[in-house]
Amino acid sequence: MTNNSSLSVIPVIAIDGPSASGKGTVAQLVAEKLNFHYLDSGALYRIVAFAAYKNNIQWNAADKLGELAKSLKIQFNQNEIYLDGDRITEAVRSEEMSRGASEVAIHQPVRSALLDLQHSFRQAPGLVGDGRDMGSVIFKDAMLKIFLTASVQIRAERRYKQLMNKGLSANYEKILADLQSRDERDSQRSAAPLIQTADALLLETSECSIEQAVQFVLNAYQKHQ
Ligand code: DC
């Protein structure tokens, strides 16, 4: 068992930001470059929303959701997600589960139930965590905190193009409205709201490529070392 003081010497890069900002892609690429572990914390809230749906638990039933979140057998393997041994990688990425994740995430019992699991990702040689509260709550002592964002219109455009490229139907206005309501829910909630902490560097990606964003984080990491 690793104690807290030895855990805190394992470096964490916390990348927080709103939905569809591209932080997942950037975080994964940074983790690959540094050979660090990667935590997609949003996936955990998506899994809770998915499991609740399967078990007929409403997304507003805070205590039941907390119990459910404690009992889940979640496994990440490469880029695949498993729940109780079933592969649910695509199922949790649907627009419905994006909304569900944002709804279940407002409840403190859910957030508390996922704490230990998130901390367990902090393993040598280091971790890149992406989400909403990586730097503000889960890894407050992260050596580098990035707040990665882009305008909501740009994020909606990117999501629209992604869906079109996959041959899926997409409606720009609906995507924009969904993102706006998720932004509002994620940043207005009382439990671990999305905020840029004073010690986080702002990375505005409306006008920059993924490669440039990755380079920004790597440069900042080198400076902070
Ligand atoms: O990053 P994502 O879009 O997969 O996250 C889905 C939802 O999960 C998001 O709308 C809010 C919630 N979430 C959270 O509350 N805290 C995190 N650290 C990550 C995600």
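Everything quoted here is computed from the prediction, not taken from an experiment. Read the numbers this way: they start at 1 and go in the same order the structure lists the ligands and their atoms.
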Below 30° counts as parallel, above 60° as perpendicular, anything between as tilted: where do the rings of Phe76 and Phe121 land?
perpendicular

Going by an N to O cut-off under 4.0 Å, is there a salt bridge joining Glu95 and Arg99?
no

Please write down residue, atom name and distance for the protein heavy atom closest to atom 7 (C) of ligand 1.
Ala101 CB, 3.6 Å

Salt bridge or not between Lys70 and Glu67? Use side-chain N to carboxylate O under 4.0 Å.
yes

Taking Asp178 first and then Lys174, would you say they form a salt bridge - that is, a charged N and a carboxylate O separated by under 4.0 Å?
yes

Using distance alone, determine whether Asp130 and ligand 1 share an N or O pair under 3.5 Å.
no

Check Asp186 against ligand 1 and report side chain, backbone, both or neither, counting heavy atoms closer than 4.0 Å.
side chain

Hey, is the main chain of Met97 close enough, under 3.5 Å, to the side chain of Ser94 for a donor-acceptor pair?
yes

Could you tell me which atoms of ligand 1, counted from 1 in the order shown, lie closer than 4.0 angstrom to a heavy atom of Ser41?
17 (C), 18 (N), 19 (C)

Which protein non-hydrogen atom lies closest to atom 16 (N) of ligand 1, naming both residue and atom, and how far is it?
Arg111 NH2, 3.0 Å

Between Asp40 and Arg93, is there a side-chain N and carboxylate O pair less than 4.0 Å apart?
yes

Can you list the ligand 1 atoms lying under 4.0 Å from a non-hydrogen atom of Arg189?
14 (C), 15 (O), 16 (N)

Atoms of ligand 1 less than 4.0 Å from Lys23 heavy atoms?
1 (O)

Any N or O on Asp40 sitting closer than 3.5 Å to an N or O of ligand 1?
no

Numbered atoms and elements of ligand 1 in range of Ala105, under 4.0 angstrom, heavy atoms:
12 (C), 15 (O)

Nearest protein heavy atom with distance in Å, relative to atom 2 (P) of ligand 1:
Arg132 NH2, 3.6 Å

N-O pairing of Asp199 and Lys140 below 4.0 Å:
no

Under-4.0 Å salt bridge between Arg132 and Asp16
no

Tell me: protein heavy atom nearest atom 20 (C) of ligand 1, and distance?
Gly42 CA, 3.5 Å

Between ligand 1 and Arg46, is the shortest N or O to N or O distance under 3.5 Å?
yes

What protein heavy atom sits nearest atom 8 (O) of ligand 1, and how far away is it?
Tyr45 CB, 3.5 Å

For the hydrophobic clusters of this structure (ILVMFWY residues joined by side-chain heavy atoms under 4.5 Å, transitively), does one cluster hold both Val214 and Leu39?
no

Gln118, any N or O under 3.5 Å of ligand 1 N or O
no

